[in-house]
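We use all heavy atoms of the structure for the numbers below, so side chains are in, but hydrogens, waters and symmetry mates are not.
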Amino acid sequence: MADGPVGEAEFAQLRDEAAAELEQREAMPRDWMRRAVRAVPRERFVPGRVWLEDGEDYRSFHREDDERRWAQLVYRVDAPVVTQVDDGQADGHRGVGHRGVVPTSSISAMTAVMTMLAEAEPEPDQRVLEIGTGTGYNAALLAERVGARGRVVSVEVDPVVCAQARQALEAAGYDRVRVVEADGEAGWAGEAPYDRVLSTAAVTAVPYAWVAQTRPRGIIVSPWRTRFHHHGLVRLVVAQDGTASGHFVGAVSFMLMRGQRRTSGIETLFTPAGWDEARTQPLDLASLLTRLENPHARFATGLYLPDVAHWPQDGGHWWCGAGSWAYADGKTAYQWGPRDLIEETSRALDTWHAADEPALFDYGLTVTPAGSGTWLHHPGNPVIARTPLA
């Protein structure tokens, strides 16, 4: 790309190049996806100010400062573009509010978008509910698929993000998409039932409202995560009896739905006095981490230990769950509270190994009015959470 402003022809070229790269990656298995990517001007859905990773936080970047770099960010197929940080609290301009800590809204990576659309399999003339409008780009792709006789309803909890998405959709010619400011956990009963429900926010529990608002044989697709592992995508089919069930079908990572955000709990449990009181024991951390290198093992561990969070930090590793924490660095483990979280992790890995090391795709989820549960291979073989070790 030459220097200077980016014109419509160059944006069209970027769209074609992105589509070609997605095709090369075999990321667009349906013809309609190829047509939609080339039809929807992604650049019209990205605000002029975006946020770039800068060390441990984010700094603002403005289209007007380097439009060509901005355009390249927009059409990079394998990375999201962060469009909001800290729930919009960093809302100043230039010198004010030019840094943020936590990304809270984005335009998803095109590869992830294609994965979810392929799993949802929307059809012409269908009624689709999208949870998490974000920039509105995904809703525009859905509108291209369902056509003039179909219906796309998109729910966004953040009022500023909602207004921006509605404006972008209208300006790009997708004013038939209805954008609603509401909490997506409740779905949107006003236009139910839906043939498809797609969430662009990750959940730790699929709200039953989504199931109740979907037709029998309808499909629900959502990023899904545990406290232990943050990658997962579930595809559920709604049954006549009002339940929904299906396998995990991918390993995408999305921002958590705001109503399901949870901290690890370490901020309330850990104290300097607790560190002094902590039990110590020898530990071959490298060996344990080698077992956890396998993403399928991490996913399964999160199913067996649903209340345990785990994360690396400054060369060590932390665990936290239900009144206990653990830290391991090198050859020593420190644990506080009644539970042995490191041994629980090791035993969960043993359980996964004893089951012939199943892949993420071998596990599934069932959602009922009473709650939800995971299973291995089929719903008749539930995953049993391990009993905490004291």
**Student:** Would a 4.5 Å heavy-atom cut-off, applied to side chains only, mark Pro124 and Arg149 as touching?
**Tutor:** no
**Student:** Closest approach of Tyr174 and Glu144, non-hydrogen atoms and distance?
**Tutor:** OH-OE2, 2.6 Å
**Student:** Parallel, tilted or perpendicular, judged at 30° and 60°: which one describes the rings of Trp325 and Trp275?
**Tutor:** parallel
**Student:** Checking side chain to side chain contact (heavy atoms under 4.5 Å, CB included) between Trp375 and each of Asp362, Thr366, Leu303, which is the one that passes?
**Tutor:** Thr366
**Student:** Could you tell me whether the side chain of Arg42 and the main chain of Tyr75 form a donor-acceptor pair under 3.5 Å?
**Tutor:** no
**Student:** Ion pair present between Asp350 and Arg291, side-chain N to carboxylate O less than 4.0 angstrom?
**Tutor:** yes
**Student:** Keeping Glu156 on the side-chain end and Gly134 on the backbone end, is there a donor-acceptor pair under 3.5 Å?
**Tutor:** yes
**Student:** Walk me through whether Ser253 and Arg225 qualify under side-chain contact (heavy atoms from CB on, under 4.5 Å).
**Tutor:** CA-CA 8 Å; Ser253 180; Arg225 62 162 70 179; 4.1 Å; yes
**Student:** Given Trp336 and Glu277, is the side chain to side chain donor-acceptor pair (under 3.5 Å) satisfied, shown in steps?
**Tutor:** CA-CA 7 Å; Trp336 181 90; Glu277 298 167 359; 3.3 Å; yes
**Student:** Inspect the contact between Arg279 and Asp340 and indicate whether a charged nitrogen and a carboxylate oxygen are less than 4.0 angstrom apart.
**Tutor:** no
**Student:** Of all the heavy-atom pairs spanning His317 and Pro312, show the shortest one and how long it is.
**Tutor:** CE1-CB, 3.6 Å
**Student:** Look at the aromatic rings of Phe270 and Trp318 and report parallel, tilted or perpendicular, splitting at 30° and 60°.
**Tutor:** perpendicular
**Student:** Does atom CG of Asp356 have more than 12 heavy-atom neighbours, drawn from other residues, nucleotides or ligands, at distances under 6.0 Å?
**Tutor:** no
**Student:** Between Phe248 and Phe299, does a ring pair (Phe, Tyr, Trp, His ring centres under 6.0 Å) hold up when you go through it step by step?
**Tutor:** CA-CA 11 Å; Phe248 294 100; Phe299 181 83; 5.0 Å; yes
**Student:** So, Glu344 and Tyr304: side-chain donor and acceptor under 3.5 Å apart, yes or no?
**Tutor:** no
**Student:** Listed by chain and number, what are the salt bridge (charged side-chain N to carboxylate O under 4.0 Å, His left out) partners of Arg261, not counting sequence neighbours?
**Tutor:** Asp87
**Student:** Using the rule that two of Ile, Leu, Val, Met, Phe, Trp, Tyr join whenever any of their side-chain heavy atoms come within less than 4.5 Å, decide whether Met114 and Val221 are in one cluster.
**Tutor:** no
**Student:** Verify the cluster assignment for Val46 and Val77: are they in a single hydrophobic cluster under the rule of side-chain heavy atoms below 4.5 Å apart?
**Tutor:** yes
**Student:** Roughly how far apart are Asp66 CG and Gln72 CD, rounded to 0.5 Å?
**Tutor:** 8.0 Å
**Student:** CD of Gln260: more than 12 outside heavy atoms within 6.0 angstrom?
**Tutor:** yes
**Student:** Around Glu26, counting heavy atoms of other residues, nucleotides and ligands shown, do more than 12 lie under 6.0 Å from its CD?
**Tutor:** no
**Student:** One thing to verify: whether Glu181 and Arg166 come together as a salt bridge, which I'm taking to mean a side-chain N less than 4.0 angstrom from a carboxylate O.
**Tutor:** no
**Student:** May I ask you to say whether Arg63 pairs ionically with Glu43, meaning some side-chain N is under 4.0 Å from a carboxylate O?
**Tutor:** no
**Student:** Could you tell me if the side chain of Pro103 sits less than 4.5 Å from the side chain of Trp51, heavy atoms only?
**Tutor:** no
**Student:** Between Ser346 and Ile342 (side chain of the first, backbone of the second, donor and acceptor by atom type, cut-off under 3.5 Å), is there such a pair?
**Tutor:** no
**Student:** With side chains defined as the heavy atoms from C-beta onward, is the minimum distance between Val206 and Ser372 less than 4.5 Å?
**Tutor:** no
**Student:** For Ser264 and Trp311, what are the C-alpha separation, side-chain angles and deciding distance, and is it a side chain to side chain donor-acceptor pair (under 3.5 Å)?
**Tutor:** CA-CA 9 Å; Ser264 67; Trp311 67 99; 5.9 Å; no
**Student:** Measuring from Met110:CE to Leu141:CG, what's the distance to the nearest 0.5 Å?
**Tutor:** 7.5 Å
**Student:** Dump the intermediate steps for side-chain contact (heavy atoms from CB on, under 4.5 Å) on Asn138 and Ser108, then the final yes or no.
**Tutor:** CA-CA 9 Å; Asn138 199 56; Ser108 302; over 6 Å; no
**Student:** How about Thr301 and His229: do any of their side-chain heavy atoms sit closer than 4.5 Å?
**Tutor:** no
**Student:** Any link between Trp210 and Met255 through a network of hydrophobic side chains (Ile, Leu, Val, Met, Phe, Trp, Tyr) touching at under 4.5 Å?
**Tutor:** no
**Student:** Work out which heavy atom in Phe228 is nearest to a heavy atom in Arg298; give both atom names and the distance.
**Tutor:** CD2-O, 3.9 Å
**Student:** Atom CD of residue position Gln24 - does it have more than 12 heavy atoms of other residues, nucleotides or ligands inside 6.0 Å?
**Tutor:** no
**Student:** Any side-chain to backbone donor/acceptor pair from Glu21 onto Ala18? Under 3.5 Å, distance only.
**Tutor:** no
**Student:** How long is the gap from OG on Ser199 to CD on Glu185, to the nearest 0.5 Å?
**Tutor:** 9.5 Å
**Student:** Measuring only between side-chain heavy atoms, which start at C-beta, is Glu53 closer than 4.5 Å to Val82?
**Tutor:** no
**Student:** Which residue, Leu169, Thr83, Val161, forms the side chain to side chain contact (heavy atoms under 4.5 Å, CB included) with Thr135?
**Tutor:** Thr83
**Student:** With a 4.0 Å cut-off, would you call Glu23 and Arg38 a salt bridge?
**Tutor:** yes
**Student:** Flag the pair Pro282 / Lys331 as yes when at least one side-chain heavy-atom distance between them is below 4.5 Å, and no otherwise.
**Tutor:** no
**Student:** Donor-acceptor pair, distance only, cut-off 3.5 Å: does the side chain of Thr332 make one with the backbone of Gln281?
**Tutor:** no
**Student:** What are the two closest non-hydrogen atoms of Trp188 and Tyr194, and how far apart are they?
**Tutor:** O-OH, 2.5 Å
**Student:** Can you check side-chain contact (heavy atoms from CB on, under 4.5 Å) on Gln240 and Arg217, steps first, answer last?
**Tutor:** CA-CA 8 Å; Gln240 291 283 352; Arg217 296 183 299 281; 3.2 Å; yes
**Student:** Is the side chain of Arg127 donor-acceptor paired with the backbone N or O of Asp195 at a distance under 3.5 Å, no angle test?
**Tutor:** no
**Student:** Of all heavy-atom pairs between Gly246 and Val234, which one has the smallest distance, and what is that distance?
**Tutor:** O-CG2, 4.2 Å
**Student:** Tell me whether Val101 is reachable from Leu52 by hopping between hydrophobic residues (I, L, V, M, F, W, Y) whose side-chain heavy atoms are closer than 4.5 Å.
**Tutor:** no
**Student:** Under 4.5 Å between side-chain heavy atoms, hopping through other hydrophobics if needed: is there a path connecting Tyr334 to Ile266?
**Tutor:** yes
**Student:** Could you tell me which non-hydrogen atom of Ser106 sits nearest to which non-hydrogen atom of Pro80, and how far apart they are?
**Tutor:** OG-CB, 4.2 Å
**Student:** In plain terms, say whether Asp57 and Arg59 are close enough for a salt bridge, that is, a side-chain N and a carboxylate O under 4.0 Å apart.
**Tutor:** no
**Student:** Any donor and acceptor pair, going by atom type alone, linking the side chain of Arg235 with main-chain N or O of Glu119 inside 3.5 Å?
**Tutor:** yes
**Student:** Would you confirm whether Arg145, through its side chain, and Pro122, through its main-chain N or O, come within 3.5 Å as a donor-acceptor pair?
**Tutor:** yes
**Student:** Between atom OG of Ser245 and atom CG of Leu236, what is the distance when rounded to the nearest 0.5 Å?
**Tutor:** 7.0 Å
**Student:** Is the NE2 atom of His378 crowded by more than 12 outside heavy atoms at less than 6.0 Å?
**Tutor:** yes
**Student:** Would you say His310's side chain and Trp319's backbone share a donor-acceptor pair under 3.5 angstrom?
**Tutor:** no
**Student:** Does a side-chain heavy-atom distance below 4.5 Å link Leu117 with Leu142?
**Tutor:** yes
**Student:** With a 4.5 Å cut-off on side-chain heavy atoms, are Leu341 and Gln335 touching?
**Tutor:** yes
**Student:** So if I apply the side-chain hydrogen bond (donor to acceptor under 3.5 Å, both in side chains) rule between Asp307 and each of Arg227, Arg262, Arg339, which one comes out positive?
**Tutor:** Arg339
